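Note sheet for the following structure.
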Protein chains: 2
Amino acid sequence: MKTVTMADVAKEAGVSKSTVSQFLNERYEYMGEETKEKIKRAIEQLGYRPNYVARSLKQKRTYMMGIIVANIMHRVSTEISRAIEDYCHEHDMHAIVCNADDDPHKEKKYIEMLRARQVDGLIIFPTGGNTKLYTEMEQERYPVVFVDRKIEGVHIDTVVVNNREATCEAVSHLLENGHRNIAIVTPPLTTHPRKERLAGYKQALEQHGIALNENYMKSVEISAISYELENMFSLSEKPTALVAANDLSFFEVMSFIKRKQIRIPEELAVIVFDNIPFADISTPTITTIAQPAYEIGKRASELLTRQIKQEAIESELYTFPCELIIRESSAGRP
Amino acid sequence: MKTVTMADVAKEAGVSKSTVSQFLNERYEYMGEETKEKIKRAIEQLGYRPNYVARSLKQKRTYMMGIIVANIMHRVSTEISRAIEDYCHEHDMHAIVCNADDDPHKEKKYIEMLRARQVDGLIIFPTGGNTKLYTEMEQERYPVVFVDRKIEGVHIDTVVVNNREATCEAVSHLLENGHRNIAIVTPPLTTHPRKERLAGYKQALEQHGIALNENYMKSVEISAISYELENMFSLSEKPTALVAANDLSFFEVMSFIKRKQIRIPEELAVIVFDNIPFADISTPTITTIAQPAYEIGKRASELLTRQIKQEAIESELYTFPCELIIRESSAGRP
DNA sequence: TTGTAAGCGTTATCAG
DNA sequence: CTGATAACGCTTACAA
């Protein structure tokens, strides 16, 4: 299977390579009708297929963007990635998705890899562990957009959600239902959103004049959640409501609840921060703080595109609001 | 930001381009220690970053594979894609994922697009609507692996699961629990796996000498499922068990069940064909026919790699077994 | 052990 | 309106 190139097409059609190139790029303003016809025929005849690698080399543009996700296990990451991919496909681009697995070394490797592949820009859910690299890209003015997590001290377009306010709203909802013993489970406080969610929780309690109780606030690895819940539910004063700060924590919580046969929402009201695909159809349905994944992905893509086109002036921070969707799981009263 | 090329590095290090190239490709068998040092320093100094596009053009290999998924909304598709991506990253490759959205035109567009980008091969969840294109690739010996769906008359490596047997096993399980009125809901019978799943259902009933009942067998678009269920559950003899032939149908079924307040498994036993992420933690837990997504993805990747390396002799068909995971939702007895 | 030079398949810049 | 010709940045024989 010899590959057929533009030169072959040119020869077959009896024109020059440049004319064929013009034709392919639809720049036929000054092109004779019959020339067009000849070229079109030659292309069909030979089964010519353009080589975008060659084109990219010349144009210094690959029409690809890279997406580096901190941890693909979070549902919302895949939703945002999908939104970005949709945007790409609508704009004749492609996306390459990489999973950094919460590991800064992997993240670094992928950034380098994707840049070596000459992707036009990068959308990163940053691990936070590569400040130097981030700054380098900022200074080179290489197109980058951060998503989900804000990184201090780096001036790069960033799209996040109002973690604090949304959590505060959710906890207030529980307070208004009469709950006073409200627990929160988060992963370790290694990222900005997690800190903000916890801060939102505290803020709500303070606003209602409720004292914080360390026993109800656990920020631990997923694998340790079940242990902490054991302790929490052995307290003389058990929590009557619980907020899971993300989907993975929620799964742990649910499996604990199931094992202990705790009834939701009668014995425990539950709210999750994150989009849960079955929130609507499970029994009970689950109250969630929903992130607008589609909008986030779209905005990130637009920002990146703007940078690629060199239309960006200054880096900006976009904060999307989350939506508290009240369902059955938070309906309990203490 | 002028891009720094190999030539710059060569000049800085006082050697030739080819020596730098050797160095980068770790072919330093005959390279002087000090030459190495000089080059390494020059690279750091200049912040040189290799350009894989140029390399690809020369080598006629991009170290990328394309994945074209018939419909990304199916959980199992994303699981398999992820497994393929994992394999890629372990083997210094990258994957580009495209969603054909069950549309043969889109599929065609993506196949052409990805080939223009010179991906080394394609893993396709075929829509089935591009036989001509499939055959073309077969004849060109372009590396392709089909996943999930077998296409008749095309000789291409294919990885599928034992749809018929697995469904038969699941239905037999219901029969053994005493059910006689077993319904099945599938999407329209436009693909091989769907036909096979229905066939497995029929086979089980026949083996138990139960007559087929058209009222219990519905193969319709997702949007029409709810309507069909209305009818089905208005029958004088309602089904006591139901099999959802994939995850999307299942969601419809669940939302119907929830609306009608049908109790699972007491009033209706339910089994789903497909991996459902919350099967384990929902109430009740859900009996599933689980596809080995990881193995499927891995095998597909291996087959493709073999083809890319030109080690493949003949196209093969791999059929992986599914696992019936019995949980609470199928525990009911009529 | 290292250098030279010829591509890889396009596009871009000028002439004509 | 079309055609030469020179890049794009790298790899790879082959020479030295």
Side-chain angles (χ1 to χ4, degrees), chain A residues 1-40 42-43 46-64 92 112-113 115-120, chain B residues 1-40 42-43 46-64 112-120:
Chain A
M1 197 57 202
K2 221 192 107 297
T3 66
V4 10
T5 79
M6 236 174 59
D8 300 321
V9 175
K11 202 197 288 176
E12 175 78 18
V15 299
S16 80
K17 282 199 301 179
S18 13
T19 310
V20 178
S21 175
Q22 306 269 43
F23 175 84
L24 289 171
N25 292 298
E26 306 189 324
R27 299 199 51 75
Y28 17 58
E29 310 167 14
Y30 306 115
M31 199 174 298
E33 268 309 321
E34 51 175 337
T35 317
K36 275 197 237 177
E37 270 309 317
K38 276 191 299 185
I39 295 176
K40 205 195 283 182
I43 288 177
L46 302 174
Y48 167 74
R49 206 175 296 114
N51 181 332
Y52 282 27
V53 170
R55 190 229 249 180
S56 291
L57 178 59
K58 183 66 192 175
Q59 291 193 157
K60 294 161 168 294
R61 189 130 160 38
T62 54
Y63 299 91
M64 296 199 303
D92 284 313
E112 282 165 358
M113 197 64 188
R115 292 199 63 182
R117 284 189 186 279
Q118 311 295 114
V119 297
D120 298 337
Chain B
M1 196 61 200
K2 218 192 110 295
T3 67
V4 10
T5 79
M6 236 174 57
D8 300 321
V9 175
K11 200 195 289 175
E12 174 78 18
V15 298
S16 81
K17 281 199 302 178
S18 34
T19 310
V20 178
S21 176
Q22 306 270 41
F23 175 83
L24 289 171
N25 293 298
E26 307 190 322
R27 299 199 50 74
Y28 16 59
E29 311 167 13
Y30 306 117
M31 198 174 298
E33 267 309 321
E34 53 174 336
T35 316
K36 275 198 237 176
E37 270 309 316
K38 279 191 298 187
I39 296 177
K40 206 195 285 183
I43 288 178
L46 302 174
Y48 168 73
R49 205 176 295 112
N51 181 329
Y52 282 29
V53 170
R55 191 231 248 179
S56 291
L57 179 59
K58 182 67 191 175
Q59 292 192 157
K60 295 164 169 292
R61 190 128 159 41
T62 55
Y63 298 90
M64 295 199 305
E112 282 164 357
M113 197 64 188
L114 290 170
R115 292 200 63 183
R117 284 189 186 279
Q118 311 295 114
V119 297
D120 298 337

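Not measured: the values here are computed from a predicted model. The chains referred to below are lettered A, B, ... by the order of the sequence lines, with proteins before strands, and numbering in each begins at 1.
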Check your understanding: Could you give the CG-to-P distance, from A:Leu24 to C:dA12, as a whole number of Å?
Key -> 12 Å
Review point. Once you round it to whole Å, what is the distance between C1' of C:dT10 and CZ of A:Arg49?
Key: 16 Å
Practice item. Could you pull out the closest heavy-atom pair between B:Val53 and A:Gln118, with the gap in Å? Key: CG2-CG, 3.5 Å
Is there any protein nitrogen or oxygen under 3.5 Å from a nitrogen or oxygen in nucleotides 14-16 of chain C, and what are the pairs?
none

Review point. Side chains of A:Leu24 and A:Tyr48: does their closest heavy-atom pair fall under 4.5 Å?
Key: yes
Practice item. For C:dT13, take OP1 and OP2 only and decide whether either is under 4.0 Å from a side-chain N or O of A:Ser18. Key: no
Practice item. Among residues two or more places apart or on two chains, list those pairs meeting side chain to side chain donor-acceptor pair (under 3.5 Å) that have a residue in residues 10-20 of chain A. Key: A:Ser16-A:Ser18, A:Ser16-A:Thr19
Review point. Distance from B:Phe23 atom CZ to B:Met6 atom CE, nearest 0.5 Å?
Key: 12.0 Å
Review point. Is the closest side-chain heavy-atom distance between A:Arg117 and B:Asn51 below 4.5 Å?
Key: no
Point to revise | Between C1' of D:dC8 and OH of B:Tyr52, the distance in whole Å | key: 18 Å
Practice item. Using whole Å, report how far CZ of B:Phe23 lies from P of D:dC10. Key: 14 Å
Revision key, fill the gap. When rounded to whole Å, the NZ to C1' distance for the pair B:Lys38 and C:dT2 reads 10 Å
Check your understanding: Closer than 4.0 Å, any side-chain N/O of A:Tyr48 to the OP1 or OP2 of C:dT10?
Key -> yes
**Study point:** Comparing B:Thr19 and A:Lys17 on DNA chain C - which has the more 5′ nearest nucleotide
**Key:** B:Thr19
Check your understanding: Tell me, which of residues 53-62 of chain A have any heavy atom that sits under 4.0 Å from an atom in DNA chain D?
Key -> A:Leu57, A:Lys58, A:Lys60
Exercise for review: Answer yes or no: does a side-chain N or O of A:Asn25 lie under 4.0 Å from OP1 or OP2 of C:dT11?
Suggested key: yes
**Study point:** Charged N-O contact under 4.0 Å between A:Glu112 and A:Arg115
**Key:** no
Practice item. Measure from the side-chain N and O atoms of B:Asp120 to the backbone N and O of B:Arg61, and report whether any donor-acceptor pair falls under 3.5 Å. Key: no
Check your understanding: Is any side-chain heavy atom of A:Tyr52 less than 4.5 Å from a side-chain heavy atom of B:Thr62?
Key -> no
Exercise for review: Decide side chain to side chain contact (heavy atoms under 4.5 Å, CB included) for B:Val15 and B:Val9; before the verdict, give the C-alpha distance in whole Å, the side-chain angles of both, and the deciding distance to 0.1 Å.
Suggested key: CA-CA 8 Å; B:Val15 298; B:Val9 175; over 6 Å; no
Check your understanding: What's the NZ-P distance between A:Lys11 and C:dT10, to the nearest Å?
Key -> 14 Å
Check your understanding: How close or far is atom P of D:dC10 from atom OH of B:Tyr63, stated in whole angstroms?
Key -> 16 Å
**Study point:** Nucleotide D:dG9, atom P - distance to CG of B:Leu46 in whole Å
**Key:** 14 Å
Check your understanding: Just to confirm, is there a sub-4.0 Å distance from OP1 or OP2 of C:dT10 to any side-chain nitrogen or oxygen of A:Ser21?
Key -> no
